[in-house]
K.L.:
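Below you will find the structure I want to go over with you.
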2 protein chains.
Amino acid sequence: MADKVNKNNRVSISEVAVASGVSKMTVSRVLRGEGGYSEKTRELVMRQVDKLGYLPNRLATVFAGDQASTFVGVSIPDLGNEVFAQVLEGIDRKLGAFGHQTVLGLTQHTQKEEEAWIRTVLSWQPAGLILTGRFHAPRASEMVKNAGIPVVEIWDLNSSPLDMSVGINHFDAGFDMGRYLIGCGYQNIGYVGTSHDTANAATTRLAGFSKAVETGGGAVNKQLCLHDTAGYYPGYYGTEQLLTSSPDIECIFYQNDAMAFGGMQYCVSKDMCVPEDIGIAGWGDLPIAAVMSKRLTSMHVPHLKLGQAAAEMMIARLSGEPTADVRDIGFTLIPGSTVRQPDPS
Amino acid sequence: MADKVNKNNRVSISEVAVASGVSKMTVSRVLRGEGGYSEKTRELVMRQVDKLGYLPNRLATVFAGDQASTFVGVSIPDLGNEVFAQVLEGIDRKLGAFGHQTVLGLTQHTQKEEEAWIRTVLSWQPAGLILTGRFHAPRASEMVKNAGIPVVEIWDLNSSPLDMSVGINHFDAGFDMGRYLIGCGYQNIGYVGTSHDTANAATTRLAGFSKAVETGGGAVNKQLCLHDTAGYYPGYYGTEQLLTSSPDIECIFYQNDAMAFGGMQYCVSKDMCVPEDIGIAGWGDLPIAAVMSKRLTSMHVPHLKLGQAAAEMMIARLSGEPTADVRDIGFTLIPGSTVRQPDPS
DNA sequence: AAGCAATAAGTTACCGGTAACGTATGAGAC
DNA sequence: GTCTCATACGTTACCGGTAACTTATTGCTT
């Protein structure tokens, strides 16, 4: 099977033409179905198409004509994080429904990887790009602009995007969470996350969070940024580290719900009561938040919808329909019961 | 930016040639760096490449020559399931490291979607395909065979694959789990899953599981197959349904750990003790299994490694290196403490 | 200084489709 | 009967690279 790595054994339009006794242009017309042939000829050609198992070569079509390809490059930081898996699912479902294909790029949260991937994917003449985040290497931004194709920056809303952007304002979202926790009476608040990069959404979120806490007279002195994935276990041992060094912390804000769950498991294992002894707040309203023994205080972001919205904007732009350049998908605070009830003030 | 949807504004090799005052063949040689030009010419050309921001058109290269593309089509059922997200991550990381690009296809567990996606992706002349599962539509199998490119079927090990296969034997894995639970003294066992299709791994697993349980004198009379995603909440309400209709069940085997976690949360919410009142066994050894209040009884499958192995087999085949056609990646039973201790017999 | 090989180019043709244009055929109008 | 015009095709050229071949230039022998 794989002894012929070259593609020469594939049936081409010319072979169909010869077999049908017509010119390859006629075959092309029949296959595209835009008229200019008789019913008799159509049947003749289609019979040979079926018989020979002809499959079109889209490479040739795109290459030949002015028409754009149906590829859309999608860069995602990583898939271990459920958030991005959901976003990607939303994107691919919607793109697929409109006849587009997703070319995936896992950037591992680095601009360098993203730049390398952009360079490669652009060489495949994609119809458009969907990029996670609003921070890109200068060279990457330049290449993308020069490509002259639609681009949607997602997740971290960019008010002055390369082209289009959909997501939420993470500073505001962080701020709202901070204000809420202050309103619950917490002053000494900790943070556990994994962002080791200033140019990402989690860091922006933390900045907004800190701002709100400080405005409310509290402090987020204890920030722990692990060099690990943002999963359950890092949440567990991150909490252990944080509480060992700072046992007086009243409440912990996590980078996401997975980490918050891990943190909560640590607290429970140490016979601490949540929220009586310590408050726990996550982020993302992931599926697990709804099935924990206590409803996790979190921030709901419509991840699947976000991905779908990105794909919709891309498709609209590609088909020449009008579309907003910037779309705020919004967030909703989930009070939950893993932090104290807010003061009724 | 997007007012020019056609790609004509892209800089081509000819423009670089004119700007450098050489033929386009020379530019091509310089860019590929395989010799046949002077150092002076190289500098001349590279200066223009940088100046004009030339990006190669891989479409043309692949189209023109015999060489295969660097695309690899990867079909995945869905990404809501952490298992497949991990597998995909393993695949893409490894493929990317070897200069290949992933073209994603989400099949939603249906052969029909898979077939449609295969037809489309083959028209892009991919270097190879990685398909989840060993059951495909007849037309799909035929197309794949005719394409004459390497194919790796993953997840559900196929001992007589289309080309190559890597994964585990789900019947055996299910059987081992069934035997273990029988060994723990359970006889009246329930199952909660979401597989509504006979042609998938979960069903095969359940068949092996049932076989072992029956061999041990027990019964899996109560099987609940929900029409939902295999996540936390379906595990929760699936357990509720199952235990409401069959309160005498001693132990429940779940399609995966996420469902098992949801089920455990239901049991805990009803003041049932695990494993004293009811046994809980999951599948997959997902990250959450390690941070639950009790270590979840599960079956470890190296998902990331599986993805990487698939990519490695693909790369080996593409570069003409020898590689096994079938690779069993293995599984390990995690006894955990959410089922009773096995009889020391 | 002539001969010859190595090096550094240029030329031509082609991959598989499609746009643009040219041409044969037949039906209907007069 | 022939003129017109739509219909149903065929022909040619081109997209952006690269393989294969040809040609010009240089350097080194003897």
Side-chain angles (χ1 to χ4, degrees), chain A residues 4-46 48-49 52-70 122-126 147, chain B residues 4-46 48-49 52-70 122-126 147:
Chain A
K4 271 199 156 189
V5 177
N6 55 357
K7 59 189 204 294
N8 297 358
N9 48 345
R10 299 282 299 268
V11 180
S12 81
I13 205 171
S14 308
E15 295 173 55
V16 176
V18 171
S20 326
V22 297
S23 74
K24 63 177 196 167
M25 196 62 219
T26 299
V27 176
S28 172
R29 277 192 271 252
V30 169
L31 289 170
R32 279 174 298 148
E34 35 82 308
Y37 49 84
S38 66
E39 178 56 24
K40 205 185 69 185
T41 306
R42 198 192 68 80
E43 277 171 19
L44 221 98
V45 169
M46 289 313 287
Q48 294 303 322
V49 164
L52 300 174
Y54 169 81
L55 281 182
N57 182 343
R58 297 275 287 122
L59 241 52
T61 308
V62 172
F63 168 64
D66 280 339
Q67 56 186 127
S69 78
T70 52
L122 280 180
S123 74
W124 289 106
Q125 318 291 116
Chain B
K4 269 199 156 187
V5 178
N6 53 356
K7 60 190 204 293
N8 297 357
N9 48 346
R10 298 281 300 266
V11 180
S12 82
I13 205 171
S14 309
E15 295 173 55
V16 176
V18 171
S20 327
V22 298
S23 73
K24 64 178 197 167
M25 196 60 218
T26 300
V27 176
S28 172
R29 277 191 272 252
V30 168
L31 289 170
R32 278 174 298 148
E34 34 84 306
Y37 49 85
S38 67
E39 178 56 23
K40 206 185 69 185
T41 305
R42 198 192 67 79
E43 279 171 18
L44 220 98
V45 169
M46 289 314 285
Q48 294 303 321
V49 165
L52 299 174
Y54 169 80
L55 281 181
N57 183 343
R58 296 276 287 123
L59 241 54
T61 307
V62 172
F63 168 63
D66 280 339
Q67 55 186 127
S69 78
T70 52
L122 280 180
S123 74
W124 290 106
Q125 317 292 117

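Side chains included, hydrogens not; waters and symmetry mates left out as well; all remaining heavy atoms used. Each chain gets a letter, A, B and so on, in the order its sequence line appears, and its residues count up from 1.
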K.L.:
When you measure from the side-chain N and O atoms of B/Ser28 to the phosphate of D/dG17, is any distance below 4.0 Å, counting only OP1 and OP2?
P.N.:
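It does not, given that no N or O in the side chain of B/Ser28 lies less than 4.0 Å from OP1 or OP2 of D/dG17.
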K.L.:
Could you check how far CG of B/Leu59 sits from P of D/dG17, rounded to whole Å?
P.N.:
10 Å
K.L.:
Between B/Phe63 and A/Leu59, which heavy-atom pair has the shortest distance, and what is it?
P.N.:
N-CD2, 4.2 Å
K.L.:
Nearest whole angstrom, please: distance from the P of D/dG16 to the CG of B/Asn57.
P.N.:
7 Å
K.L.:
With A/Ser14, which residues qualify under side chain to side chain donor-acceptor pair (under 3.5 Å), at least two apart?
P.N.:
none
K.L.:
For the residue pair A/Tyr37 and A/Leu44, establish whether any side-chain heavy-atom pair is separated by less than 4.5 Å.
P.N.:
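No. Closest side-chain heavy atoms not under 4.5 Å.
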K.L.:
Mind checking side-chain contact (heavy atoms from CB on, under 4.5 Å) for B/Leu122 and listing every partner two or more places apart, or none if nothing turns up?
P.N.:
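Once residues adjacent in sequence are excluded, the partners of B/Leu122 under the side-chain contact (heavy atoms from CB on, under 4.5 Å) criterion are A/Leu55, B/Ile118, B/Pro126, B/Leu129, B/Met143, B/Ala147, B/Ile149.
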K.L.:
Roughly, in whole Å, what's the span from CH2 in A/Trp124 to P in D/dC15?
P.N.:
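That distance rounds to 21 Å.
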K.L.:
Is there a donor-acceptor pair under 3.5 Å between the side chain of A/Ser69 and the backbone N or O of A/Val62?
P.N.:
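It does not hold such a pair.
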K.L.:
For DNA chain C, determine which residues of residues 29-40 of chain B have any heavy atom closer than 4.0 angstrom to one of its atoms, and list them numerically.
P.N.:
B/Arg29, B/Gly36, B/Tyr37, B/Ser38
K.L.:
Could you state the CZ-C1' distance from A/Phe63 to C/dA19, rounded to the nearest angstrom?
P.N.:
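Rounded to whole Å, this separation is 15 Å.
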K.L.:
Heavy atom of residues 16-26 of chain A under 4.0 Å from DNA chain C: which residues?
P.N.:
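The answer is A/Lys24, A/Met25.
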K.L.:
Provide, to the nearest angstrom, the distance between the CD atom belonging to B/Glu43 and the P atom belonging to C/dA9.
P.N.:
12 Å
K.L.:
Could I get the full list of side-chain contact (heavy atoms from CB on, under 4.5 Å) partners for A/Tyr54, not counting sequence neighbours?
P.N.:
A/Val11, A/Ile13, A/Val16, A/Leu31, A/Val49, A/Pro56
K.L.:
With sequence neighbours excluded, what pairs up with B/Arg58 under the side chain to side chain donor-acceptor pair (under 3.5 Å) test?
P.N.:
B/Thr70
K.L.:
Mind checking A/Ser14 for me? I need base, sugar-phosphate or nothing, with any heavy atom below 4.0 Å counting as a touch.
P.N.:
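Since no nucleic acid heavy atom lies under 4.0 Å of A/Ser14, the category is nothing.
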K.L.:
Using five pairs at each end of the helix from C/dA1-D/dT30 to C/dC30-D/dG1 to define an axis, what is the angle between those two axes, to 10°?
P.N.:
50°
K.L.:
So which one's nearest nucleotide on DNA chain C is more toward 5', B/Arg42 or A/Arg58?
P.N.:
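Looking at DNA chain C, the more 5' nearest nucleotide goes with B/Arg42.
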K.L.:
Provide the closest heavy-atom pair for A/Ser20 versus A/Gln48 in the form atom of the first, atom of the second, distance.
P.N.:
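Here A/Ser20 and A/Gln48 meet closest at OG-CG, 3.4 Å.
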K.L.:
Please list, chain by chain and in numerical order, all residues satisfying side chain to side chain donor-acceptor pair (under 3.5 Å) with B/Ser28, sequence neighbours excluded.
P.N.:
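Once residues adjacent in sequence are excluded, the partners of B/Ser28 under the side chain to side chain donor-acceptor pair (under 3.5 Å) criterion are B/Arg32.
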K.L.:
Locate the shortest heavy-atom distance separating A/Ala17 from A/Val27; write the atom from each residue and the value.
P.N.:
CA-CG2, 3.6 Å
K.L.:
Check side chain to side chain donor-acceptor pair (under 3.5 Å) between B/Thr41 and all other residues, then give those that pass, not counting sequence neighbours.
P.N.:
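Partners of B/Thr41 by the side chain to side chain donor-acceptor pair (under 3.5 Å) criterion, ordered by chain and then number, come out as B/Ser38.
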